[in-house]
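Each chain gets a letter, A, B and so on, in the order the sequences are listed, and its residues count up from 1.
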Number of protein chains: 2
Amino acid sequence: MSACAQCLARQGTLCGALDEETRARLLAMAHAEEHAAGRWLVQPGAAADAVFILRAGHAHVARLTHEGKRQILAFLFPGDFFAFTYEQRYAYGAWAATDVALCRLARHQLEGLVTTTPALERRIRVQVTRQLDSVQELVFTLGRKTALERVASFLWYLDYRQRKLGRPGAMTDIPMSRADIADFLGLTSESVSRALTRLRSEGLISLPAADQVGILDMPRLRSIGVVEAEPVPEQPPG
Amino acid sequence: MSACAQCLARQGTLCGALDEETRARLLAMAHAEEHAAGRWLVQPGAAADAVFILRAGHAHVARLTHEGKRQILAFLFPGDFFAFTYEQRYAYGAWAATDVALCRLARHQLEGLVTTTPALERRIRVQVTRQLDSVQELVFTLGRKTALERVASFLWYLDYRQRKLGRPGAMTDIPMSRADIADFLGLTSESVSRALTRLRSEGLISLPAADQVGILDMPRLRSIGVVEAEPVPEQPPG
DNA sequence: GATGCTAACTGATCTGGATCAGTGCGGCGC
DNA sequence: GCGCCGCACTGATCCAGATCAGTTAGCATC
């Protein structure tokens, strides 16, 4: 079984629910790649000619400014696809945080298959819509949450992602640095540290190592972090 | 010509580039609606059973918290479609800022047409991807820009949207309140006012009325606001 | 054209998170 | 084992933007 086959068969991702034939065709055009940690997988501003699926490792999508500011737009977990756009060039870059393995799909090839395969088209639409929902979630976090709320919701999100990948352990990995978390949440690494310390001192989490959290009180963590949207019967705030 | 026909024929939107037959079918399932200012067009948390296209007026997509905080996720202009999701319920609401006119498309009907019409499927995918790009832009704004930068980029955005709708006048309308702008940019209305005052006092804009700006120095406004992503040759910041 | 009423603006003060400046610690090379 | 290096944490100070408190400018109503 080729390197890409397994990742294309994964449930709940781009191709999981597709029929055999379509998956075989995708597999035929998929190009397996490996990259070392600390490299651009997608160069910001490069010609947008391919779509990728992360097979293994951790990566993130980020936008940079000329002053060296960075905003991480998404953390990528195995099975996630990225670099999908209709623009000529990528507005953002994708960075390998660890050693990673990818499937690369040439955009024009994929586009060809998509036009003759409604089921694939639909899968892509579902995935892009999901991504839209999750970025809107991030907008809310950045616009209207305090530092503590941001970190609490981030821990919930980390746990959720890892649970979905099927790791039911008591501990949740933190596979990125404090600086990465800060650049995702619109904070500094110091603020992330302080928020974690505070959550620990209040007994919501344990921090046995810098890259591991144990969530001790999920309901309270959720209530601090998630700030649930509520079905409003009538009348707006503004 | 029915109320919806014109909006379905509009170029650059959901249905602009479709063939006659598909457009006729869409038109057949489109239900024209009008709503007064200050009402929910889409109730947050309501069953997600329809998709809408804004025909006339202004509206916005917003998420609320139980503490009365609000984050506006997008301002809607004529031709925009919204409330498109694969979830059971809307995570966000859409609010009529002025009197509005809509086309309503029942989700199950649209879904049926979409599966047999690749061109429509593709149009939706392009639109959703564009929305994703613009929300990512907002993430960057909220995560890494100062108040002045946010307001400057917002004015550029307003001007861009209105230019695209074909209003080449020297003045740009501001069809929403300062509080709305604040809730979009993650600020307070006071901060929005101060930023506008400062941009005016530095000669970048004129403010003949509260709901109109004249952009006097677009290059400088862009350079303050847009903080362009730059194609990085190698090496990350983190 | 006086009387409210609402939204925009502005000034004074407060504060959450940034910034600056360390300390502590775990992993790695020698 | 020991020194080095990089990251996480923590303490002290600073500051951008929030908050609080008016003032001003339309605009509708009588």
I need the [atom1]-[atom2] distance between [X] and [N], as an integer number of Å.
X        : N      : atom1 : atom2 : value
A:Glu149 : C:dG16 : CD    : C1'   : 12 Å
B:Asp211 : C:dA7  : CG    : P     : 13 Å
A:Arg144 : C:dG17 : CZ    : P     : 13 Å
B:Asp183 : C:dA8  : CG    : P     : 12 Å
B:Leu207 : C:dA7  : CG    : P     : 18 Å
B:Ile174 : C:dA7  : CD1   : C1'   : 13 Å
A:Leu142 : C:dG17 : CG    : C1'   : 14 Å

Salt bridge check: are B:Glu190 and B:Arg178 linked by an N-O gap of less than 4.0 Å?
no

Give a yes or no answer on whether the side chain of [X] reaches the backbone of [Y] with a donor-acceptor pair at less than 3.5 Å.
X        : Y        : answer
A:Glu149 : A:Thr146 : yes
A:Gln131 : A:Phe81  : yes
B:Arg55  : B:Leu102 : yes
B:Thr65  : B:Glu67  : yes
A:Gln71  : A:Asp183 : yes

Taken to the nearest 0.5 Å, the spacing of B:Leu64 CG from B:Ile72 CD1 works out to 9.5 Å

From B:Asp99 atom CG to B:Glu34 atom CD, the distance as rounded to the nearest 0.5 Å
9.0 Å

Is the number of heavy atoms from other residues, nucleotides or ligands within 6.0 Å of OH (A:Tyr160) greater than 12?
no

State whether the number of non-hydrogen atoms from other residues, nucleotides or ligands found under 6.0 Å of A:Arg198 atom CZ is greater than 12.
no

Based on the rotation axes of five pairs at each end, what angle does the helix from C:dG1-D:dC30 to C:dC30-D:dG1 bend through, to 10°?
30°

Is the closest side-chain heavy-atom distance between B:Leu73 and B:Val135 below 4.5 Å?
no

Contacted region of DNA chain D by chain B, from 5' end to 3' end of the hits, cut-off under 4.0 Å to heavy atoms, spans D:dG17 to D:dC20

Looking at DNA chain C, which of residues 186-195 of chain B put a heavy atom within less than 4.0 Å of it?
B:Glu190, B:Ser193, B:Arg194

